[in-house]
Structures are given as C-alpha cells and as structure tokens.
Peer 1: 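What follows is a single structure, and I will ask about it in a moment.
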Amino acid sequence: MGDLKITFPHSLPLPHMKPEIQTIFTEGQVLLVDKPLEWTSFDVVAKVRNTIKIKKVGHAGTLDPLATGLLILCTGKFTKKINEYQAREKEYTGTFTLGAVTPTYDLESEPEQFRDYSFVTEELLHAKTKQFIGDIQQVPPTHSAIKKNGQAAYVMARKGIDVVMEPRPIVIKEFEITEIELPVVHFRVVCGTGTYIRSLAYDYGKALGCGAYLSKLCRTRIGEFTLHEARSLEQTLEWINEVKTSERISNA
C-alpha cells in the first residue's frame, strides 16, 4: 500500500501498548483507507485510533457519509502532514441524477421540485461541463460544516434558519461526463481543495435547466495517492493487528 514511516526520538509509551509497537505509529504512518458507505470520516478515525490505542490519528480531507473512496489517515507525528495532504489535487467519480434537487444537494435528504429532463441531449450534457472548468466561484451547500456566526451551517439549516453562504474561489481542472443513463449521468472531476461536488451537482443541474443532485460519489485520488493503493477498513484494522502481533513476537 505504500505506507510511509520516518524515525523520530522515542516518546513515552502509552498504557496497554508495548513501547516498540507504540513507536511504529507515533513515529508516523500514512494509512490509505477505502471509506465504507455510511461511515463518517470521524468514525473511521475513531475505529483506527481505538485499534492502535494512540490519540494522535487524523484524516486529511472529509468524505460525506454517503461517499466512498480514498481517505488518508495520518498517525503520530505524521499528523503534522495533514494540511499538506488536504491541499493536494483530488479526483472524484460518481453520478448526478437529473430532474430534481434536494436540500442537501445529495441523497441525505429527499428529492423535490421535480422537473422534466426529456429535452436534455448528450450534446447539452457535454457542452454544459465547460462553464465549470477553470477558476470559478462556487457557493457551498447550506448543509455543510462551514461555520457561520460560530456555528456549523448545517446545524442552523436543520433548525430552519436561513443561511446565506458566500461564494468561494475554487479550481476545477477536469469535468467530464463519462456515461449517460438518463436521468442518471456518470462523471469524473479533478479539482482543487475546497470544492464541493454536491454544489457542482446543483449548479450543473441549474445550468442544464432541469435540476440535479449528487446520487453517488467516490474519491479516487488525492495528490499521488490513489484508491487502488488503499485497503478496506477491515483490511486496515487487520494490518494494524498484524503489526502489533509481529512486534510482540519479535520482542518476546
């Protein structure tokens, strides 16, 4: 999988863990995990943290619960690299469903405002992608973790409070429609940090004139790290336990 490791001076061992094992993870590991559907990114971090039994475990870039794909986890002193990994280019694949919108711009809420999409052609689908490529302004979803007046926007939105989100500059390097099965269209996007694919779905549907929402999402790359290199969460936990077991045997 290409786990990374560097050497730092040993720190004091944590309870219930041999110093040799603790050192491996506190010195720094990068774990590439294929996030399961319906798990939050924090759920994955908590599971790994509990298995390793060290506090310093974090992820480099949130995936929504209904998204799958590459999640970078950093342990120990490698948590200092999280911001560096978060800033790297990302690639996503997934599907938009045309003919409706949702309050969350994805399937976390129910489709509404149904509209006719029968006029949408293959040519129109490909043509409308062009206006979203390059340096553009994007309005984040109101159902997001962005803070407004010190509170997460999604908390306010769920209470029925009107939340005005300001547009932000983002970069979309590539946006292509890869397959068409109306009302579902498959896409691939390469973008910079801060891009909301849910917002792209909403804006794309608006540009088409029929509405759209994000119905499937998978992150396939972050910088040079790819989903093909990632382990499932189950495989990741197994690997951690194998490392711990091998260290116990070698130091017995």
Peer 1: Under a 4.0 Å threshold between the charged nitrogen and the carboxylate oxygen, would E91 count as salt-bridged to R188?
Peer 2: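 Judged by the 4.0 Å cut-off on N to carboxylate O distance, R188 and E91 do form a salt bridge.
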Peer 1: Would you find a donor on one side and an acceptor on the other, under 3.5 Å apart, between the side chain of K173 and the backbone of V171?
Peer 2: no
Peer 1: Are the side chain of R221 and the backbone of G223 linked by a donor-acceptor contact shorter than 3.5 Å?
Peer 2: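 Between the backbone of G223 and the side chain of R221 there is a qualifying donor-acceptor contact (under 3.5 Å).
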Peer 1: Can you find a heavy atom in the side chain of L200 that is under 4.5 Å from one in the side chain of V189?
Peer 2: yes
Peer 1: Using 30° and 60° as the class boundaries, would you call the ring planes of F187 and F96 parallel, tilted or perpendicular?
Peer 2: parallel
Peer 1: Quick check against the 3.5 Å criterion: does K81 have a side-chain atom that pairs as donor or acceptor with the backbone of K77?
Peer 2: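 No; zero donor-acceptor contacts below 3.5 Å.
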Peer 1: Determine whether a donor-acceptor pair (N or O, by modelled atom type, separation under 3.5 Å) exists between the side chain of T79 and the backbone of T75.
Peer 2: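 Checking the backbone N and O of T75 against the side chain of T79, no donor-acceptor pair under 3.5 Å is found.
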Peer 1: So which atom in P140 and which in R168 form the shortest heavy-atom distance, rounded to 0.1 Å?
Peer 2: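 Here P140 and R168 meet closest at CG-CD, 4.0 Å.
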Peer 1: Please list all pairs passing the side-chain hydrogen bond (donor to acceptor under 3.5 Å, both in side chains) test where one or both residues lie in residues 59-74, with sequence neighbours left out.
Peer 2: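 Of all non-adjacent pairs touching residues 59-74, those that pass side-chain hydrogen bond (donor to acceptor under 3.5 Å, both in side chains) are D64-R198.
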Peer 1: Taking atom CD of E224 as the centre, does the number of heavy atoms from other residues, nucleotides or ligands within less than 6.0 Å exceed 12?
Peer 2: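 More than 12 within 6.0 Å, yes.
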Peer 1: Are L124 and L208 close enough, and set up right, to give a side chain to side chain contact (heavy atoms under 4.5 Å, CB included), and what steps lead you there?
Peer 2: CA-CA 7 Å; L124 181 63; L208 289 171; 3.9 Å; yes
Peer 1: Quick one: do E181 and H186 satisfy side chain to side chain donor-acceptor pair (under 3.5 Å)? Show the steps, please.
Peer 2: CA-CA 8 Å; E181 301 173 302; H186 298 251; 2.8 Å; yes
Peer 1: Is it the case that the side chain of E229 and the backbone of T226 share a donor-acceptor pair, with hydrogens and angles ignored and the cut-off at 3.5 Å?
Peer 2: yes
Peer 1: Is Q138 reaching over with its side chain to a backbone N or O of S199, donor-acceptor style, under 3.5 angstrom?
Peer 2: no
Peer 1: When you measure from the side chain of Y117 to the backbone N and O of A100, does any donor-acceptor pair fall under 3.5 Å?
Peer 2: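 Not confirmed, Y117 side chain does not pair with A100 backbone.
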Peer 1: Using every non-hydrogen atom in the two residues, find where V33 and S232 come nearest and quote the distance to one decimal.
Peer 2: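 Nearest pair, atom of V33 first, then S232: CG1-C, 4.4 Å.
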Peer 1: Are the side chain of R49 and the backbone of K55 linked by a donor-acceptor contact shorter than 3.5 Å?
Peer 2: yes
Peer 1: Measure from the side-chain N and O atoms of N241 to the backbone N and O of L237, and report whether any donor-acceptor pair falls under 3.5 Å.
Peer 2: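 At least one qualifying donor-acceptor pair exists.
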Peer 1: Verify side chain to side chain contact (heavy atoms under 4.5 Å, CB included) between Y213 and D106, making sure each step is shown before the conclusion.
Peer 2: CA-CA 5 Å; Y213 58 88; D106 63 6; 5.9 Å; no
Peer 1: Test side chain to side chain contact (heavy atoms under 4.5 Å, CB included) on V101 and F114; report intermediate values, then the result.
Peer 2: CA-CA 7 Å; V101 296; F114 292 90; over 6 Å; no
Peer 1: If you count every heavy atom of other residues, nucleotides or ligands that lies below 6.0 Å from F42 atom CZ, does the total exceed 12?
Peer 2: no
Peer 1: Is atom NE2 of H228 surrounded by more than 12 heavy atoms (other residues, nucleotides or ligands) closer than 6.0 Å?
Peer 2: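 At most 12 heavy atoms, drawn from other residues, nucleotides or ligands, come within 6.0 Å of this atom.
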Peer 1: Measure from the ring center of Y105 to the ring center of Y202 and say whether it is less than 6.0 Å.
Peer 2: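 Distance test on ring centres: under 6.0 Å, yes.
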Peer 1: Do side-chain atoms of K35 reach the backbone of W39 as a donor and acceptor pair under 3.5 angstrom?
Peer 2: yes
Peer 1: Identify the heavy atoms of L71 and S41 that sit nearest to each other, and give their distance.
Peer 2: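 Smallest interatomic distance, heavy atoms only, reads CD1-OG, 3.8 Å.
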Peer 1: Answer yes or no: is there an ion pair linking K80 with E84, defined by an N-O contact shorter than 4.0 Å?
Peer 2: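 Judged by the 4.0 Å cut-off on N to carboxylate O distance, K80 and E84 do not form a salt bridge.
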Peer 1: Please step through side chain to side chain contact (heavy atoms under 4.5 Å, CB included) for the pair V44 and L73, ending with a clear verdict.
Peer 2: CA-CA 9 Å; V44 176; L73 269 58; 4.1 Å; yes
